[in-house]
Amino acid sequence: MKNSIIEIFDRDIIKLKDEIIAYKDEKNLWLTSGTISNSAGNLALHLVGNLNHFIGKVLGKNNYVRKREEEFSLKNIPAAQLLVMISQVKNIVIDILTSMDENDLGSEFPEKKHDKILTTDFMLLHLLAHFNYHLGQINYHRRLLDN
């Protein structure tokens, strides 16, 4: 299970980088339109912040301080900077998950989620589902607004 989770995080974080790179016009990363209220850039910041918090800080016990509001309020960060942030979080995620013991997956996740106690494997699967939900939004955003 652990190796599968690592492989999927690795694969899908690379897909996030590929989506950012695929934008023809970097300014379009920050566009919104109609009922599309979150730009691809803000969704990318949100994904990076989410993984840095739940995997980096909570599981890895690093010193990351999440500023969730900024994930949605910051604008016009250069694509190159987003790509660095994505690469950094990929390394953090892979390093921390690789260092875990397979038995750690069945243990209690160190932080409640919506006031519920979850197992680490459940939380990691939740994080993968959350990641891919927003990755799909970014893909749709790019194809819709970057033509």
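Counting begins at 1 with the first residue of the sequence.
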Review point. If you measure only the distance, is there a donor-acceptor pair under 3.5 Å linking the side chains of T98 and D95?
Key: no
Just by distance, do the side chain of [X] and the backbone of [Y] share a donor-acceptor pair under 3.5 Å?
X    : Y    : value
E111 : F54  : no
D146 : K24  : yes
H130 : N50  : no
S33  : I36  : no
E108 : T119 : no
N52  : V48  : yes

Exercise for review: Could you walk me through whether S107 and D104 pass the side-chain hydrogen bond (donor to acceptor under 3.5 Å, both in side chains) test, one step at a time?
Suggested key: CA-CA 5 Å; S107 66; D104 294 336; 5.0 Å; no
In the structure I gave you, are the side-chain heavy atoms of [X] and [Y] within less than 4.5 Å of one another anywhere?
X    : Y    : result
H141 : L144 : no
K2   : L124 : no
Y140 : Q137 : no
V89  : I55  : no
L125 : M1   : yes
P110 : V58  : yes
I92  : L51  : no

Would you give the length of the straight line joining atom [atom1] of [X] to atom [atom2] of [Y], rounded to the nearest 0.5 angstrom?
X    : Y    : atom1 : atom2 : result
Q81  : I86  : CD    : CD1   : 11.0 Å
N28  : L145 : CG    : CG    : 7.0 Å
D121 : S4   : CG    : OG    : 12.0 Å
L47  : I138 : CG    : CD1   : 5.5 Å
L135 : L128 : CG    : CG    : 11.0 Å

Could you see if [X] belongs to whatever hydrophobic cluster contains [Y]? Use Ile, Leu, Val, Met, Phe, Trp, Tyr and a side-chain cutoff under 4.5 Å.
X    : Y    : value
L31  : L29  : no
I21  : L43  : yes
M123 : I117 : no

Under 3.5 Å, which donor-acceptor pairs do the side chains of residues 6-20 form with other protein atoms, sequence neighbours left out?
| from | atom 1 | to | atom 2 | distance (Å) |
| --- | --- | --- | --- | --- |
| D10 | OD1 | K90 | NZ | 2.8 |
| D12 | OD2 | N132 | ND2 | 2.9 |
| K17 | NZ | S87 | OG | 2.8 |
| E19 | OE1 | R142 | NE | 2.6 |
| E19 | OE1 | R142 | NH2 | 3.3 |
| E19 | OE2 | N139 | ND2 | 2.8 |

Study note, to complete from the structure: For Y133, the other hydrophobic cluster members (4.5 Å side-chain criterion, sorted by chain and number) are none
**Study point:** K27 atom NZ, neighbour heavy-atom count above 12 within 6.0 Å
**Key:** no
Point to revise | More than 12 heavy atoms of other groups within 6.0 Å of K67 NZ | key: no
Point to revise | Carboxylate-amine/guanidinium proximity below 4.0 Å for R66 and E71 | key: yes
Check your understanding: Stepwise, does the side chain to side chain contact (heavy atoms under 4.5 Å, CB included) test hold for W30 with I77?
Key -> CA-CA 9 Å; W30 303 98; I77 295 169; 3.8 Å; yes
Exercise for review: Could you go through the side chain to side chain contact (heavy atoms under 4.5 Å, CB included) check for S39 and T32 one step at a time?
Suggested key: CA-CA 5 Å; S39 70; T32 58; 4.2 Å; yes
Practice item. Measure centre to centre between the rings of Y64 and H53, then say whether the value is under 6.0 Å. Key: no
Check your understanding: Considering residues at least two apart in sequence or located in another chain, which fulfil the ring pair (Phe, Tyr, Trp, His ring centres under 6.0 Å) criterion with F109?
Key -> none
